[in-house]
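For reference, the structure discussed in these notes is given below.
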2 protein chains.
Amino acid sequence: MPNAPDVLFKTLADPTRRAIFERLCREGEKTVGALTEQAGVSQPVVSKHLGVLKQAGLVRDRHEGRHTHYSAQLDALFPLVDWTRQMAGFWQSRFDDLEDLLKRMDQ
Amino acid sequence: MPNAPDVLFKTLADPTRRAIFERLCREGEKTVGALTEQAGVSQPVVSKHLGVLKQAGLVRDRHEGRHTHYSAQLDALFPLVDWTRQMAGFWQSRFDDLEDLLKRMDQ
DNA sequence: ATTACATATAGCCATACAGGTATGTATTGA
DNA sequence: TCAATACATACCTGTATGGCTATATGTAAT
């Protein structure tokens with residue numbers, strides 16, 4: 001049972017795949033063909049990466065005739081932000097604990 | 001030439017390794033032995049993961065006799081925060097562009 | 001109907017890597 | 001000095017997966 005951060009880290013760990021996602025963030029909706037032109041890999045590979053991104057909720061697809069338009073779903077990144085915040089939070093609270101300890105020792 | 005987000009995503013993509021890092025964030029400095037007890041994998045595997053985390057700058061080690069204490073280096077997460085912010089920023093600016101366009105069309 | 005085009009799927013291959021066991025290297029203690 | 005402990009390294013193995021080509025599917029155009 002992979003949790004949200006797990007899926008996100010795994011999905012974004014591949015440079016090619018992350019580059020596709022970044023481009024969708026920067027430039028908005030794009031077709032598979034347009035993405036393939038700059039991806040440096042074959043069209044089937046791009047399709048596969050888009051499938052993984054979609055599975056992770058990071059992109060949406062919209063069919064229009066024989067074209068498929070993909071766009072980034074930014075809210076899917078929230079678990080990542082949340083995870084980072086948690087890590088920072090743990091860090092901070094341990095720091096607070098230390099401060100508390102030092103204060104108590106000071107008395 | 002892997003950039004910072006690349007290394008971080010790759011390093012944190014493995015659940016076992018990320019769990020080790022999370023534990024160091026939550027509970028602070030720990031020895032390899034202590035980490036191994038709860039990691040669910042053998043000691044050599046834990047050592048290897050710690051090596052990867054260290055390579056990524058996510059942990060520091062401190063030698064004390066025959067013990068090695070590892071601790072999380074939270075600032076190493078910054079490129080991740082930065083990357084997320086960038087993605088959100090692109091999204092936002094494209095949104096602003098759209099708003100601008102609509103405003104111009106409104107006139 | 002037929003052809004061209006856009007994308008998805010299937011199947012294959014090579015490589016990366018997480019995990020294991022065995023062993024090496026230091027350091028402590030008897 | 002010798003045994004025990006703590007960790008790191010070496011080496012092997014199985015599996016996951018990113019890449020490819022070939023092909024299927026579905027849509028537009030002629």
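Quick caveat, the model's predicted, so the values are computed rather than measured. Below, read A as the first sequence line, B as the second, and so on, with proteins coming before strands; counting in each chain starts at 1.
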Q: With heavy atoms under 4.0 Å as the rule, sort B/V41 into base, sugar-phosphate or nothing.
A: sugar-phosphate

Q: Would you kindly give the NE2-to-C1' distance between B/H49 and D/dC7, to the nearest whole Å?
A: 16 Å

Q: Tell me which nucleotide among C/dT7, C/dT21, D/dC7 gets nearest to the side chain of B/S42.
A: C/dT21

Q) Would you call B/F9 and B/L80 a side-chain contact if the rule is heavy atoms closer than 4.5 Å? A) yes

**Q.** Minimum side-chain heavy-atom gap B/W83-A/L12 below 4.5 Å
**A.** yes

Q: Look at B/Y70 and D/dA8 and indicate whether a side-chain polar atom (N or O) is within less than 4.0 Å of OP1 or OP2.
A: yes

Q. Is any side-chain heavy atom of B/Q73 less than 4.5 Å from a side-chain heavy atom of B/L58?
A. no

**Q.** Options C/dT7, C/dG19, D/dC20, nucleotide nearest the side-chain atoms of A/K48
**A.** D/dC20

(Q) What I'd like to find out is whether the side chain of B/Q55 reaches to under 4.5 Å of the side chain of B/V7, using heavy atoms alone. (A) no

**Q.** Value in whole Å for how far the C1' atom of D/dC7 lies from NZ of B/K54
**A.** 12 Å

(Q) I want to check one thing: is the phosphate of C/dT7, taken as OP1 and OP2, less than 4.0 Å away from some side-chain N or O of A/S47? (A) no

Q: Go through residues 5-22 of chain B and report each residue with a non-hydrogen atom lying under 4.0 Å from DNA chain D, sorted by number.
A: none

**Q.** Nearest heavy-atom neighbours spanning A/Q43 and A/V32
**A.** CG-CG1, 4.2 Å

(Q) Could you tell me how far apart A/D61 (CG) and C/dT9 (C1') are, to the nearest whole angstrom? (A) 15 Å

Q. How long is the line joining NZ of A/K30 and C1' of C/dT7, in whole Å?
A. 17 Å

Q: Please report, rounded to the nearest Å, how far the P atom of C/dA8 is from the CG atom of A/L53.
A: 12 Å

Q.
Just the rounded figure in Å: distance from P of C/dA18 to CG of B/L50.
A. 13 Å

Q: Might you confirm whether atom CZ of B/R60 has over 12 heavy atoms from other residues, nucleotides or ligands at distances under 6.0 Å?
A: no

Q | Rounded distance (Å) that lies between atom C1' of D/dA16 and atom CD of A/Q55 | A | 16 Å

Q. Rounded to the nearest Å, what distance is computed from the CD atom of residue B/Q43 to the P atom of nucleotide C/dG24?
A. 15 Å

Q: Start with the C-alpha gap between A/L50 and A/D61, add the side-chain angles, then the distance that decides, and say whether side-chain contact (heavy atoms from CB on, under 4.5 Å) holds.
A: CA-CA 9 Å; A/L50 287 168; A/D61 58 347; over 6 Å; no

Q | Nearest listed nucleotide, side chain of A/R66, among C/dG29, C/dA8, D/dG26 | A | D/dG26

Q: Please determine if a side-chain N or O atom of A/H67 lies less than 4.0 Å away from the OP1 or OP2 oxygen of D/dA28.
A: no

Q. DNA chain D: A/G65 or A/P44, which has the more 5' nearest nucleotide?
A. A/P44

